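Worksheet: one structure, shown below.
Note that ligands are numbered from 1 as they come in the structure, with each ligand's atoms numbered from 1 the same way. As the structure is a prediction and not an experimental result, all values here were calculated from the model. Side chains included, hydrogens not; waters and symmetry mates left out as well; all remaining heavy atoms used.
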Amino acid sequence: MKFAIVLFALFAVALAAPTDVEILRQDSKVEADNYTYSFGTSDGTSKDEQGELKSIGPDAQAIVARGQFSYTGPDGVVYTVSYVADENGFQPQGSHLPVAV
Ligand SMILES: *[C@@H]1O[C@H](CO)[C@@H](O)[C@H](O)[C@H]1NC(C)=O
């Protein structure tokens, strides 16, 4: 019985152990009124975003961010989402996402 518990515990630890995912690229640049950042990891995950300050009225500014991220889902499919986030909200697009009508 004790052996079974120890075996089960070892199995659980093995399952919980993180996989070795490495950062392959990572970059960021922050200027006075714009920025970019990006990264890519060895599991195929990546993200790229650019943002800038935009005037949306006489006394109003908004940060407009554009970018895309990509990852492999648990089903093995690579999902890619590109997006704009501005004064109108977060607007994602991807072939797997429903389109508003
Ligand atoms: C970001 O800001 C810097 C400094 O103001 C400017 O030189 C550069 O052209 C800007 N980049 C973009 C993409 O607007």
Side-chain angles (χ1 to χ4, degrees):
M1 182 64 188
K2 263 186 192 161
F3 178 74
I5 291 171
V6 169
L7 197 65
F8 176 78
L10 286 176
F11 185 64
V13 167
L15 280 182
T19 53
D20 291 323
V21 177
E22 289 176 43
I23 297 171
L24 300 179
R25 65 181 175 88
Q26 185 174 22
D27 193 32
S28 70
K29 191 169 187 183
V30 179
E31 303 281 0
D33 57 9
N34 66 53
Y35 67 88
T36 64
Y37 75 86
S38 63
F39 66 80
T41 57
S42 59
D43 65 353
T45 299
S46 68
K47 180 165 185 186
D48 296 81
E49 184 178 298
Q50 306 91 49
E52 61 190 12
L53 217 47
K54 171 189 172 189
S55 283
I56 56 168
D59 292 318
Q61 292 182 312
I63 295 174
V64 179
R66 288 169 206 285
Q68 111 168 7
F69 60 87
S70 194
Y71 63 94
T72 304
D75 52 4
V77 174
V78 176
Y79 292 94
T80 300
V81 175
S82 54
Y83 59 88
V84 176
D86 60 11
E87 70 275 23
N88 300 312
F90 180 72
Q91 302 147 60
Q93 286 191 317
S95 58
H96 60 295
L97 296 179
V99 178
V101 284

_Donor-acceptor pair, side chain of Ser42 and main chain of Glu22, under 3.5 angstrom_ = yes
_With no hydrogens and no angle check, just 3.5 Å: does a side-chain donor-acceptor pair link Lys47 and Tyr37?_
yes
*Compute whether any side-chain donor of one residue and acceptor of the other, for Gln61 and Asp33, lie under 3.5 angstrom apart.*
no
Short N or O contacts of ligand 1 with protein, under 3.5 Å, listed by atom name?
residue  : atom   : partner : partner atom : Å
ligand 1 : 2 (O)  : Asn34   : ND2          : 2.4
ligand 1 : 11 (N) : Asn34   : ND2          : 3.0
ligand 1 : 14 (O) : Asn34   : ND2          : 3.4

*With no hydrogens and no angle check, do the side chains of Glu52 and Tyr35 hold a donor and an acceptor under 3.5 Å apart?*
no
*Asp48 and Arg25 ion-paired at < 4.0 Å*: yes
*Just how far is it from atom OH of Tyr83 to atom CZ of Phe69, taken to the nearest 0.5 Å?*
7.0 Å
